[in-house]
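Below is one structure; the comments refer to it alone.
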Amino acid sequence: MKSELRSDLRLIAGWIKPGGRVLDLGCGDGALLAWLQENRKVRGYGVEIDIEKVVRCVENGVSAIGGDLESGLSDFEDGSFDQVILSQTIQAMRNTENILLEMLRVGREAIVTFPNFGFWQNRWQIFLGRMPVSETIPFQWYDTPNIHWCMLGDFEALCAKHRIRIIERLVMDGERRIGFLPNLRGSLAFYRVGLTP
Amino acid sequence: MSNTEQSVGIVTAQSAEFEIPLQLTSGAVLPSYTLRYETYGELNARASNAVLICHALSGHHHVAGRYHDSDKHAGWWDNMVGPGKPIDTRRFFVVGVNNLGGCHGSTGPSSINPATGVQWGAAFPVVTVSDWVCAQARLADRLGIERWAAVIGGSLGGMQALQWSIDFPARVANALVIASAPKLSAQNIAFNDVARQAILSDPEFYGGDFYRHEAVPRRGLRLARMLGHITYLSDDGMGEKFGRMLRSGEFKFGFDVEFEIESYLRYQGDKFSDMFDANTYLLMTKALDYFDPARLHGDNLAAALRRAEARFLVASFTSDWRFSPPRSREIVQALVAADKPVVYGEIESAHGHDAFLMLDPPYVRLMRRYLERIATEVQA
């Protein structure tokens, strides 16, 4: 894969262990997996609901499995992956809790990224009396696939509920890494989590 | 406009004779045999661009092209195989072969048994998918093909592709397993048995030796095909095509053909019983029933597939209830567990099991891209 990796995918790639076995849920055209295969020597599989994107994965030389994440990860055995990725999808899932637990059933680590609803621009739009629409949330309330919004604290509370350990957290606004007041100033959240031993 | 445009054109079938006995799974031995086959395209200098097409229950070696200019019927997968088509004969050397036990020129129940000088009939041994793959491997040797760029098949043909990847791991670079299953379900075996019973109970069958009575168990074969045909279509597809349409527009209050679907099935059954051999039908359904590569590996398909060296494309069709998508997923699950590269596409289609022979656009795109990738890999 010669083209540049999207910046958020580049951040995820930075967390991937070389030579590991990786599962990318909602892998789209397989750009991330293709890059990881080439540059991190991972053995990867993707899951993708859209057959046209599965076809794109074929072009990119990626193992893609057509399927719906809502029905869980029954195609995959316990502990069979080093890392399982869910990128900017968890907020659009109906079975949010289940997918998080499934990721940690089949993988030793899960990488979850989502648009942070607590981002100040979202808060400002709500303050002005409208649902937020932005670069990371490019939908109107009536046509959005995003049904389970959360902020950093909400996600961390869900992790705590299931004794999921947060190994690493990264909060970004565009290309900028946010350290101070992340729940207010960050638009995109990256978590690397695992089960508490 | 010629009817061979966008086609491989006029083709000729060939025969390969094998004198080395073939040990069959059942324990029986076939002392010598003939395989009827066709090829399209050119084998490249390194013999790296060969593709084997495995046929399903009623298929044969005539995959693409026509036998002469006024030939009304092209090969059974002519829409998929040809210049510029997904299985592109400008890049691949494509081989179609009629399986042992068949009735299209390869040794089968209607061939002469050299030991007796008369047709084999009921004496022809039961053959399995593994046996077919062994015979196909000998044909590959004969053609100078060490390793197939791809082995491709739908339904029973997909089972052969899967078996190839297990039995000859080093000889298959890619296996394309379409609308298939890792083994038949009880329901599937049940359908096959009803079909067999239709043939076996036809008085013209004579225990399989109908040739010598100059009889043809046409009624049995016709019923078997009608039943099979129902299971190859989806309820919706059938409803859309025929619905409750009446041939004459009104009820006749009798048992003659009234509904269009009856007319269609009878026509299909008649056509089939004129050209297919009843013993071959029995053999093909038994090969389906016995197929279960996991059986030799403690019923663990992943264990069976662990030795495979191929990349896999598995595809299924939403309205296929004879070999439904969950059956293909079983193959995919095993491949992932065995750590094999696999692409799986579940294609939205109303065509039922027959969809693997149709051209639903996402299916064609998936096949085309996958095969283009293979062509690049093997420098076809």
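Numbers restart at 1 for each chain; the letters A, B, ... are given by sequence-line order, proteins then strands.
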Would you call the rings of B:W77 and B:F356 parallel, tilted or perpendicular, where under 30° means parallel and over 60° means perpendicular?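 Aromatic pair B:W77/B:F356 classed perpendicular.
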Heavy-atom proximity to chain A below 4.5 Å, by part of [X]:
X	value
B:R365	both
B:V336	both
B:L313	neither
B:L335	backbone

Tell me the side-chain hydrogen bond (donor to acceptor under 3.5 Å, both in side chains) pairs involving residues 154-165 of chain A, sequence neighbours left out?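 Non-adjacent pairs meeting side-chain hydrogen bond (donor to acceptor under 3.5 Å, both in side chains): A:E97-A:K161, A:E97-A:H162, A:E156-A:R169, A:E156-A:Y191.
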Test: side-chain hydrogen bond (donor to acceptor under 3.5 Å, both in side chains). Region: residues 168-184 of chain B. Which pairs qualify, not counting sequence neighbours?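 Matches after skipping sequence neighbours: B:D141-B:R171, B:N174-B:Y370.
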B:L305 side chain near B:L162 side chain, heavy-atom distance below 4.5 Å: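 Of all side-chain heavy-atom pairs linking B:L162 with B:L305, at least one is under 4.5 Å.
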I'd like to check A:C57 versus B:V343 (side-chain heavy atoms, cut-off strictly below 4.5 Å). Are they in contact?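 Counting from C-beta outward, A:C57 and B:V343 never come under 4.5 Å.
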Checking [X] against chain B: side chain, backbone, both or neither under 4.5 Å from a heavy atom?
X	answer
A:E59	both
A:R56	neither
A:I65	both

Quick test of your reading of the model: are A:R21 and A:D82 salt-bridged, counting only N-O distances below 4.0 Å?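 Looking at A:D82 together with A:R21, the answer is no, because their closest N to O distance does not fall below 4.0 Å.
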